[in-house]
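Only one structure is covered here, and it is reproduced in the block below.
As a basis for the values below, the full set of heavy atoms in this structure was taken, side chains included, without hydrogen atoms, waters or symmetry mates. Residue indices begin at 1 and follow the sequence shown.
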Amino acid sequence: RYARRVFTWSRQRGHFTGTNPAKGLDAPKERKKRTLPSDDALLKLLNYSRQGNGATYIGLVMEIMYLCRMRGIEVLDMTDANELPDGLLIHRRKGSRDNIVRWSPHLKTIWKVAKGRRDEIIDTRKAPVALKPELRYIFLADRGGGRLTKDGFNTGWNRFVRKAIDDGVITKEERFSPHDLKRKGVTDTKGTRAEKKEASGHKSDAMLDVYDLEIQLVNPAGKETQNS
């Protein structure tokens with residue numbers, strides 16, 4: 001694909017004439033690396049963030065991404081309007097279905113801490129508070145006080161992980177991306193594939209296959225298994 005573009009660029013500028021030799025060739029399909037964070041690596045980074053290392057929002061975003069099986073940008077989009085009596089209303093992107101994640105004691109605690117951090121930033125900066133719940137974002141930038149952007153989060157995440165590696169909290173091999181937390185959340189969800197698909201909001205089995213890396217435990221063939 002890249003070679004075809006180079007030849008096209010050269011041909012358009014008169015560097016050679018004739019047919020593009022790379023045109024019509026089958027391009028191999030690229031397979032993205034799918035990393036599943038280990039329980040140990042995830043726990044070590046969460047504990048590291050709770051100790052005040054790096055931006056204070058990193059650990060909160062990590063927990064919500066994992067517990068609710070969300071993309072990072074979906075977490076950054078969350079406002080007070082996402083809070084419902086039964087749980088958190090999750091607005092999903094990339095064609096996935098919205099759903100409501102029921103409250104658990106831990107999820108409710110994380111949400112309360114995130115809102116407390118947001119309110120503290122607003123109070124410190126004496127910033128105006130939006131009247132509409134859908135305009136009151138949960139995650140604000142530590143410095144500017146404005147809505148935390150995807151670029152801002154990615155910058156904070158990379159700085160946080162590099163510091164964790166330098167401090168010996170995790171190894172380079174244990175490193176994972178924020179999006180891998182959604183993959184771990186889907187994989188760790190208990191139930192059948194249909195239940196996992198409903199929980200993650202995926203509309204097809206193919207979409208679920210990208211995130212569910214659980215190895216199924218099945219019975220061997222034969223009458224012995226059926227009679228046991």
Side-chain angles (χ1 to χ4, degrees), residues 30 32-37 41-42 45-46 49 54-84 87-103 106-107 110-119 121-122 127 130 132-162 164 175-189 196-204 206-213:
E30 294 184 58
K32 295 183 178 180
K33 183 180 179 181
R34 299 175 183 175
T35 301
L36 185 66
L42 175 57
L45 281 185
L46 286 176
S49 68
T56 59
Y57 58 82
I58 294 292
L60 297 171
V61 174
M62 287 174 63
E63 297 232 48
I64 295 177
M65 287 182 69
Y66 170 71
L67 293 171
C68 300
R69 299 163 288 261
M70 299 176 71
R71 298 174 181 273
I73 187 60
E74 294 168 349
V75 177
L76 301 183
D77 283 343
M78 300 184 86
T79 66
D80 282 341
N82 291 88
E83 182 179 340
L84 301 178
L88 284 179
L89 173 62
I90 310 301
H91 295 300
R92 302 189 184 278
R93 297 195 180 195
K94 298 292 184 73
S96 296
R97 293 189 180 94
D98 294 352
N99 56 18
I100 299 173
V101 177
R102 291 188 183 91
W103 290 118
H106 186 58
L107 178 58
I110 294 300
W111 184 254
K112 183 178 180 180
V113 172
K115 288 180 63 177
R117 171 189 170 274
R118 185 269 314 270
D119 294 342
I121 292 175
I122 292 176
K132 296 182 178 180
E134 59 269 23
L135 297 179
R136 297 197 296 266
Y137 290 97
I138 301 301
F139 289 99
L140 305 180
D142 283 327
R143 294 184 179 179
R147 178 187 175 186
L148 182 61
T149 64
K150 185 175 184 294
D151 287 341
F153 174 75
N154 288 339
T155 299
W157 170 266
N158 289 328
R159 187 185 301 116
F160 169 74
V161 173
R162 285 197 300 268
R175 181 172 185 164
F176 56 86
S177 72
H179 193 64
D180 292 324
L181 290 168
K182 176 179 179 179
R183 180 171 293 109
K184 183 168 179 59
V186 174
T187 301
D188 289 353
T189 298
K196 287 191 174 190
K197 191 161 62 173
E198 183 178 357
S200 63
H202 291 130
K203 293 183 178 179
S204 67
M207 293 173 66
L208 181 63
D209 287 341
V210 176
Y211 292 92
D212 183 16
L213 302 186

Measure the [atom1]-[atom2] distance between [X] and [Y] for me, rounded to the nearest 0.5 Å.
| X | Y | atom1 | atom2 | value |
| --- | --- | --- | --- | --- |
| T79 | H91 | OG1 | NE2 | 7.0 Å |
| Y211 | K197 | OH | NZ | 15.0 Å |
| F176 | K184 | CZ | NZ | 9.0 Å |
| R118 | Y137 | CZ | OH | 12.0 Å |
| C68 | L181 | SG | CG | 12.0 Å |
| N158 | F153 | CG | CZ | 9.5 Å |

Next on the checklist: Between I100 and L88, is the side-chain contact (heavy atoms from CB on, under 4.5 Å) condition met? List the steps.
Outcome noted: CA-CA 5 Å; I100 299 173; L88 284 179; 5.9 Å; no

Provide the closest heavy-atom pair for [X] versus [Y] in the form atom of the first, atom of the second, distance.
| X | Y | result |
| --- | --- | --- |
| S49 | G59 | OG-CA, 3.4 Å |
| R71 | E74 | N-OE1, 2.9 Å |
| T35 | R175 | CG2-O, 4.4 Å |
| V101 | L67 | CG1-O, 4.3 Å |
| A130 | L135 | CB-CB, 3.7 Å |
| R92 | R97 | CD-O, 3.2 Å |

Mark yes or no for whether [X], through its side chain, and [Y], through its backbone, hold a donor-acceptor pair below 3.5 Å.
| X | Y | value |
| --- | --- | --- |
| N99 | A199 | yes |
| T187 | L213 | yes |
| W111 | I64 | no |
| K150 | I73 | no |

Checklist entry - Can we say R147 and D77 salt-bridge, meaning some charged N sits less than 4.0 Å from an Asp/Glu carboxylate O? => result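 Yes, R147 and D77 are salt-bridged.
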
Next on the checklist: Quick test of your reading of the model: are E83 and K115 salt-bridged, counting only N-O distances below 4.0 Å?
Outcome noted: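 So E83 pairs with K115 through a salt bridge.
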
When you compare the side chain of [Y] with that of [X], does any pair of heavy atoms fall below 4.5 Å?
| X | Y | value |
| --- | --- | --- |
| L140 | L148 | no |
| H202 | V210 | no |
| I90 | M70 | yes |
| E63 | H106 | yes |

